[in-house]
Amino acid sequence: MPKREIRGQRNKLSLTTLLIGLVSLSVLLTSTILLIASYESKKQALINTTLQLNYTNADKMSQTIDSLFRSMRTSLEYSATTLSGKINMNTDVRDEYLELLRNSSNYFNSLVIINEKGVITNEAPKNLGTVGKHVTTETGKKAISSQMPFLSEPDRATTGRLMVIMSQPIFDRIGNYRGVIAGTLYLQDYNVLTMIFGSNNMDNEGSYYYIVGSDGKLLFHPDRNRISEDVSDNKVVQKLKNGKSGQERVTNTRGEDMFAGFSSVPANGWGVVKVSSNALVHKQLNSHIRNILWYILIPFVILLLVVILIAHELARPFVYLANLVNKIGKEKVEFPERKPHWNREADLLTKTVLLALVDIQKHTDQLTQEAMTDSLTGLTNRRNFESVMDHLINADHPFSLIVLDVDKFKYVNDTYGHQMGDDVLRQIAQVISTSVRPGDICCRYGGEEFVILLADTSLKDAYIIAERVRKVVETSKVSHSLLITVSQGIAHFPSQAKSSDQLFHLADQALYAAKESGRNKVVISP
């Protein structure tokens, strides 16, 4: 087979590989589609769950802060009522009361009493150093001048601290305004909000709380450096300023994609926001996909092995038939006993093709036999004989050659007709076939001339065989009791000749000598 054809065969896909590839591709595509669908479904579910969970947490925290500030307000109201009877008492008594109030409730970082003139008269803790000083901040002045319960926005105190002030007016027993009791939350220090939310509420997943005031500024944030930052541009903060609660996917002021749940605090107009980063959802999604892949890996491997096995079994008869058809005409093919196949189509096809191939092989053998055989006598024809002889000569294999001619055969044809001549030729062919050994080659060379090739046979042994043939022909009777005789010439390769032409020439000369010497004789070439 030419190299180009061999390379072409190697480049073609086998049926087994094609089946395995198609099924594997189908499984992979199906798995990919399922993974994508699962990914998108899980993604939306996680987003919805995260938003709902954040809203629930924010709402709970807003309720907690609402309750806290109502308690803080109630505490200040009670303290203001208590102090109204002690406003003229000793300063030390008021100091002790403030310290007791601060330590018992832990609502405020500090507590102060400011008289109606704006002078700080008492403080807790006592190391603030503000007693006797006038309130100079606008927030403080507003708390005093309003003479009503007051809650400030974040502001810087005289101490430089960022704080929120909650105050309650104090009236004496006859209703005269005597100042305020004010509690402060130091936003950047440890306070009651920090105690509720934790000193650092940002977890490793990127979820955290923050609190905004009614003016849109941060009151609480895990990053304390951001406290008092104005985040009014945030859509969530804008909704909180309008008193709304809910959940929303937003981009924060730093351009980060977040999932926010938010709830307003009725007691003070603040807003609590619980946010989770998009990375949290993606991390959970990746974990989900990894788990799915682990779950389908083993079934996929098992399925692939089953597919490979089925593909091999399904393709086996087709591969066998393809190889068998490829051999037809190139070599002798032995057809094995057909075994039934579990696949109906493969079984029918195998049965049909094998029957067709057997029939083709039979016709091929018949045509081959006809191409190698003389149609009249059934002996090897001249072309096949010459091929065998050339092969022996090329291999330098010794053999003897007998050239045989029917004596006076023209007389038989002219006297009795060609039908009788054909009977004579067939009878002589039968005599020759039965007189030689199984491996010897008998050939009708042309007309009434026959040749016998005796491999590994000396001239002496060839003469014995030729004499046996001559005697059997002489004693055989054909129609009309004709007496038929043959003359024969013998030559040997390679002792007498080195080529087929030379060998035939010597055998013909010996045959001619037998004819000249009276016919019905065997002559060995000298």
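All values derive from a computational prediction rather than experimental measurement.
Rounding to the nearest 0.5 angstrom, the gap separating the CZ atom in Arg437 from the CD1 atom in Ile465 is 4.5 Å. Going from atom CG of Leu53 over to atom NZ of Lys274 covers 6.0 Å, rounded to the nearest 0.5 Å. Going from atom CD1 of Ile464 over to atom CG of Leu459 covers 11.5 Å, rounded to the nearest 0.5 Å. To the nearest 0.5 Å, atoms CG (Asn234) and NZ (Lys239) are separated by 10.5 Å.
Checked by atom type and distance alone, the side chain of Asp440 never pairs as donor or acceptor with a backbone atom of Leu454 at under 3.5 Å. Between the side chain of Ser525 and the backbone N or O of Ala510, no donor-acceptor pair lies under 3.5 Å. Remark: the backbone N or O of Val431 is paired with a side-chain donor or acceptor of Ser435 at under 3.5 angstrom. Side-chain N or O atoms of Ser487 include one that pairs as donor or acceptor with a backbone N or O of Asn520 at under 3.5 Å. Judged by distance alone, with hydrogens and angles left aside, the side-chain atoms of Asp396 form no donor-acceptor pair with the main-chain N or O of Leu392 at under 3.5 Å. Distance alone, capped at 3.5 Å, places no donor-acceptor pair between the Ser41 side chain and the Ala37 backbone. Side chain of Asp66 to main chain of Ser62: no donor-acceptor pair is present (N/O by atom type, distance under 3.5 Å, no hydrogens or angles). The main-chain N or O of Thr457 is found under 3.5 Å from a side-chain atom of Ser400 such that the two form a donor-acceptor pair. Without hydrogens or angle criteria, Gln488 side chain to Leu404 main chain gives no donor-acceptor distance under 3.5 Å. Here the side chain of Asn54 pairs no donor or acceptor atom with the backbone of Gln52 at under 3.5 angstrom.
Glu386 is not listed as a side-chain neighbour of Ser500, based on a closest heavy-atom distance of 4.5 Å or more. A heavy-atom distance below 4.5 Å is found between the side chains of Tyr209 and Met61. No side-chain heavy atom of Leu379 sits under 4.5 Å from any side-chain heavy atom of Thr373. A heavy-atom distance below 4.5 Å is not found between the side chains of Asp405 and Val486. Between Phe409 and Leu425, the closest side-chain pair of non-hydrogen atoms falls below 4.5 Å. Side-chain atoms of Lys217 and Val212, non-hydrogen and from C-beta on, never get closer than 4.5 Å to each other. Side-chain contact between Phe450 and Thr377 is present, with heavy atoms from C-beta onward closer than 4.5 Å. Between Ser232 and Lys241 there is a side-chain heavy-atom pair separated by less than 4.5 Å.
Closest approach of Ala58 and Val272 over heavy atoms only: CB-O, 3.7 Å. A pairwise comparison of heavy atoms in Ser245 and Tyr55 identifies CB-CE1, 4.0 Å as the closest pair. In terms of heavy-atom proximity, Ser207 sits nearest to Ser276 at OG-OG, 2.7 Å. Shown here for Ser499 and Ile393, the closest heavy-atom pair between the two residues is C-CD1, 4.0 Å. Annotation for Val436 and Cys442: closest pair CG2-SG, 3.5 Å, computed over non-hydrogen atoms. What you find for Asp230 and Gly216 is that their closest heavy atoms are OD1-O, 3.4 Å.
Residue Ile298 qualifies as open at atom CD1: its count of foreign heavy atoms under 6.0 Å is 12 or below. Within a 6.0 Å sphere centred on CD of Gln430, other residues, nucleotides and ligands contribute 12 heavy atoms or fewer.
Side-chain atoms of Asp59 and Thr56 include no donor-acceptor pair closer than 3.5 Å. Side-chain polar atoms of Asn384 and Ser387 form no donor-acceptor pair below 3.5 angstrom.
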Exercise for the section: Would you please test Ile452 and Ile432 for side-chain contact (heavy atoms from CB on, under 4.5 Å) and show each step? Expected result: CA-CA 8 Å; Ile452 304 171; Ile432 294 174; 3.6 Å; yes

Handout entry: Criterion side-chain contact (heavy atoms from CB on, under 4.5 Å) on Gln496 and Gln502, from CA distance to verdict
Key = CA-CA 9 Å; Gln496 293 183 317; Gln502 186 179 7; over 6 Å; no

Exercise for the section: Assess whether salt bridge (charged side-chain N to carboxylate O under 4.0 Å, His left out) is satisfied between Lys410 and Asp414, documenting all intermediate values. Expected result: CA-CA 6 Å; Lys410 186 175 184 302; Asp414 292 344; 2.8 Å; yes

Practice task
Apply side chain to side chain donor-acceptor pair (under 3.5 Å) to the pair Asp423 and Gln427, showing each step before the final yes or no.
Solution key: CA-CA 6 Å; Asp423 290 341; Gln427 184 173 345; over 6 Å; no

Exercise for the section: Walk me through it: do Val236 and Met258 pass the test side-chain contact (heavy atoms from CB on, under 4.5 Å)? Expected result: CA-CA 11 Å; Val236 167; Met258 308 294 284; over 6 Å; no

Practice task
Check the pair Thr64 / Ile196 against side-chain contact (heavy atoms from CB on, under 4.5 Å), numbers first and verdict last.
Solution key: CA-CA 9 Å; Thr64 300; Ile196 294 172; 4.3 Å; yes

Practice task
Decide yes or no on salt bridge (charged side-chain N to carboxylate O under 4.0 Å, His left out) for Asp189 and Arg224, but give the supporting numbers first.
Solution key: CA-CA 9 Å; Asp189 294 350; Arg224 294 185 180 181; 5.5 Å; no

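Remark: Arg470 engages Glu467 in a salt bridge, criterion side-chain N to carboxylate O under 4.0 Å. A salt bridge links Lys235 with Glu248; the closest basic N to acidic carboxylate O contact falls under 4.0 Å.
Each of Thr485, Ile484, Val473 was evaluated against Val406; a single residue qualifies, Ile484, per the side-chain contact (heavy atoms from CB on, under 4.5 Å) test. Tested against Val231 for a side-chain contact (heavy atoms from CB on, under 4.5 Å), the candidates His221, Gln238, Arg226 yield a single pass: Arg226.
Within the structure, every pair that satisfies the ring pair (Phe, Tyr, Trp, His ring centres under 6.0 Å) test and touches residues 487-519, not counting sequence neighbours, is listed here: Phe399-Phe493, Tyr445-Phe504.
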